[in-house]
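Atom set for the values below is all heavy atoms of this structure, side chains included, hydrogens, waters and symmetry mates excluded. Below, read A as the first sequence line, B as the second, and so on, with proteins coming before strands; counting in each chain starts at 1.
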Amino acid sequence: MIDVQSKAFEIAAAVRDGKLSATEALRVSLARIESSNPALNAFTAVTSERARARAAAIDQARDEGKMLGPLAGVPFAVKNLFDVAGLATLAGSKINRDSPPAGADAALVQRLEAAGAILVGALNMGEYAYDFTGENIHYGPSRNPHDPTCMSGGSSGGSGTAVASGMVPLALGSDTNGSIRVPSSLCGLFGLKPTFGRLSRHGSFPFVADLDHLGPMTRSVTDLALSYDAMQGPDDMDTWCAQKPAEPVTAKLDAGIDGLRIAVADGYFADQGDPEVHEAVAAFAKALKTERRVTVPEAGRGRAAAYVITTVEGANLHRERLKTRAMDFDPAVRDRFLAGLMLPADWLVQAHRFRRWYQARAAELFKEVDIILAPATPRVAPKLGQAMMTLNGVEMPVRANLGLFTQPISAIGLPVVAAPYAERAGKLPIGVQIIAAPWKEELALRVARRLESIGIAASKAV
Amino acid sequence: MSQDAFDAEAYLEAAAAAMGLDIAPEWKPAVLDNLVRSRQIAQAVLSFPLPDTIEPASVFKP
């Protein structure tokens with residue numbers, strides 16, 4: 001009764017209604033992992049033993065008439081920078097193999113399991129999350145299920161691969177500069193990067209404390225909302241996690257979009273990128289009946305500020321490893337960190353000051369509009385190993401530039417839903433960012449839900 | 001110092017020495033590329049005038 005196309009909400013409803021056992025839902029997921037993972041390389045660890053015990057416990061609870069959670073029996077997996085009890089938290093690196101196994105699960109893993117979900121494993125990722133490609137020199141690339149010769153996008157590449165291939169209906173990723181939204185776009189998924197500080201990062205391996213966000217990737221908006229609701233709430237163990245009560249969105253998803261002021265980002269977001277990327281944005285705008293345009297002031301400088309903060313703070317995090325184990329890094333990551341380590345302190349402070357200015361301009365913008373639409377990536381998935389790409393006649397490195405549309409948004413922590421454009425028959429997927437004001441995830445999700453309900457945004461496992 | 005006068009290699013040697021970083025000769029070209037690119041990107045932020053009242057975005061709440 002379920003298959004690889006099944007959404008998390010469908011599995012959970014069937015398990016709660018007694019039409020499907022959690023054990024059977026898990027069997028379908030593990031079978032798909034066994035058949036597809038060798039070719040696609042999404043998982044670095046499969047926690048089948050623990051998952052079977054968990055599924056049996058859920059089935060027993062149901063037999064005893066106990067209430068089951070909103071994600072009962074839903075298999076999920078996490079980027080391998082999330083702590084999983086008993087596993088070393090790799091964060092895509094070779095070096096962290098030598099770390100002691102995590103003593104407990106990450107906060108968000110605990111929260112999803114408390115809602116009934118079942119962890120089935122840890123997912124491949126770009127080394128230390130400094131990546132937009134999904135390639136990994138130590139573990140091999142996570143491949144794009146839509147074309148395994150293409151990139152999944154990064155750095156949450158394994159998360160994109162696992163959900164887009166139907167191995168799991170739900171995966172968690174992290175997003176410092178675009179690492180949820182880029183693989184969501186390239187793999188044709190829905191992804192949520194919530195407001196900075198909304199979801200606890202406790203028990204995840206950091207990259208850039210000022211910019212790190214965690215969030216879900218799925219094949220439906222309802223699944224984004226269900227998992228997001230299960231993960232919300234303050235956590236004193238994450239310094240930056242907001243002291244805000246949970247603001248559940250699932251029940252409000254179909255509230256519609258009447259009265260919402262929706263605009264397409266022009267300037268920086270319209271002037272670069274392949275035409276098909278802008279066709280997707282235009283199709284979303286048309287479906288939402290808006291012709292409004294807005295300019296995000298100084299978005300390019302916002303991206304530059306995020307770049308400086310990332311390279312300096314990320315390098316600082318790895319300073320000792322760069323001194324003692326430089327040979328064990330992916331050279332592409334090491335060489336950027338080494339440069340980052342040497343940048344003047346003045347540049348970092350100025351980048352943070354610029355970010356404050358830029359944040360205030362964005363706040364003014366959100367007095368005029370509620371939602372901003374922008375492309376998620378400047379192009380569809382490049383080929384694996386492709387170092388350069390040409391955008392608007394200019395040749396540029398793939399690795400640094402796949403995030404050129406995502407980076408200016410996460411720089412100031414705005415919530416975003418990445419939504420896949422449905423009308424891509426025979427072509428690789430492409431996604432659009434639905435951006436809202438801080439703490440307004442609900443609005444972005446409602447717009448995504450509208451687009452999904454009229455069929456203009458859609459995701460399918462391949 | 002103007003953009004053109006930036007001697008990335010001299011900067012790298014001095015900064016690496018100050019920080020006690022060993023940069024293998026074979027890594028140096030890529031590190032230099034990144035240094036030059038980072039400097040170019042940072043100019044977008046550094047060239048933008050900000051009022052004195054704009055504080056850094058990181059906030060510490062004791």
Side-chain angles (χ1 to χ4, degrees), chain A residues 196-197 209-211 239-240 243 297-313 315 319-320 322-324 326-327 329 331-344 346-360 396-397 400 407 411-413, chain B:
Chain A
F196 180 76
D210 282 304
L211 297 172
T239 311
W240 290 104
Q243 292 296 319
E298 302 294 349
R301 292 185 211 272
R303 180 187 178 215
Y307 177 97
V308 171
I309 293 165
T310 298
T311 196
V312 174
E313 294 190 12
R319 173 162 40 85
E320 284 309 303
L322 288 164
K323 286 184 174 180
T324 58
M327 292 294 289
F329 279 82
V333 174
R334 178 196 62 214
D335 297 342
R336 283 184 294 162
F337 276 147
L338 284 171
L341 212 45
M342 294 188 273
L343 301 190
D346 172 66
W347 297 6
L348 176 67
V349 177
Q350 192 69 9
H352 274 303
R353 290 184 65 220
F354 177 81
R355 204 159 69 102
R356 176 69 76 213
W357 179 91
Y358 177 52
Q359 174 198 33
M396 59 182 77
Q407 213 163 357
I412 45 174
Chain B
M1 188 191 289
S2 75
Q3 180 83 15
D4 294 338
F6 177 58
D7 184 339
E9 190 155 8
Y11 183 91
L12 182 150
E13 298 291 352
M19 300 186 73
L21 284 176
D22 277 331
I23 298 183
E26 61 271 26
W27 308 344
K28 205 180 274 182
V31 179
L32 282 172
D33 281 350
N34 281 296
L35 207 49
V36 169
R37 189 177 308 130
S38 296
R39 187 169 183 273
Q40 284 168 351
I41 291 170
Q43 292 310 313
V45 174
L46 299 171
S47 64
F48 190 76
L50 290 174
D52 290 344
T53 50
I54 296 288
E55 295 185 344
S58 283
V59 173
F60 177 73
K61 288 182 180 166

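Using a 4.5 Å cut-off on side-chain heavy atoms (C-beta onward), B/Ser38 and A/Tyr307 make contact. With contacts defined as side-chain heavy-atom distances shorter than 4.5 Å, the pair A/Trp347/B/Leu46 qualifies.
Atom CD of B/Glu55 is surrounded by 12 or fewer heavy atoms from other residues, nucleotides or ligands within 6.0 Å. Surrounding CE of B/Met19 are more than 12 heavy atoms belonging to other residues, nucleotides or ligands, all under 6.0 Å away.
For B/Leu50 against A/Phe354, the heavy-atom pair with the smallest separation is CD1-N, 3.6 Å. Closest non-hydrogen pair, B/Ile41 versus A/Ala304, comes out as O-CB, 3.5 Å. Minimum heavy-atom separation, B/Val31 to A/Ala339: O-CB, 3.8 Å.
Ranking A/Arg319, A/Arg353, A/Arg303, A/Gln359 against chain B, the residue ahead of the rest is A/Arg353, based on heavy-atom pairs under 4.5 Å. The greatest number of non-hydrogen atom pairs below 4.5 Å with chain B, out of A/Leu338, A/Leu322, A/Leu348, is found for A/Leu338. Of the listed residues (B/Leu21, B/Leu35, B/Ile23, B/Ile54), the greatest number of heavy-atom pairs within a distance under 4.5 Å of chain A belongs to B/Ile54. Comparing A/Tyr358, A/Trp357, A/Trp240 by heavy-atom pairs within less than 4.5 Å of chain B, the highest count is held by A/Trp357. Between chain B and the options A/Met342, A/Arg355, A/Gln350, A/Arg336, the largest number of non-hydrogen pairs under 4.5 Å is found for A/Met342.
Rounded to the nearest 0.5 Å, atoms OG1 (A/Thr311) and CG (B/Asn34) are 7.0 Å apart.
For a residue to count as touching a neighbouring chain, one of its non-hydrogen atoms must lie under 4.5 Å from one of that chain's; by this rule A/Leu341 touches chain B with backbone and side chain alike. If you measure heavy-atom distances from B/Leu12 to chain A, the contacts under 4.5 Å come from both the backbone and the side chain. Interface residue A/Arg334: only side-chain heavy atoms are found under 4.5 Å from chain B.
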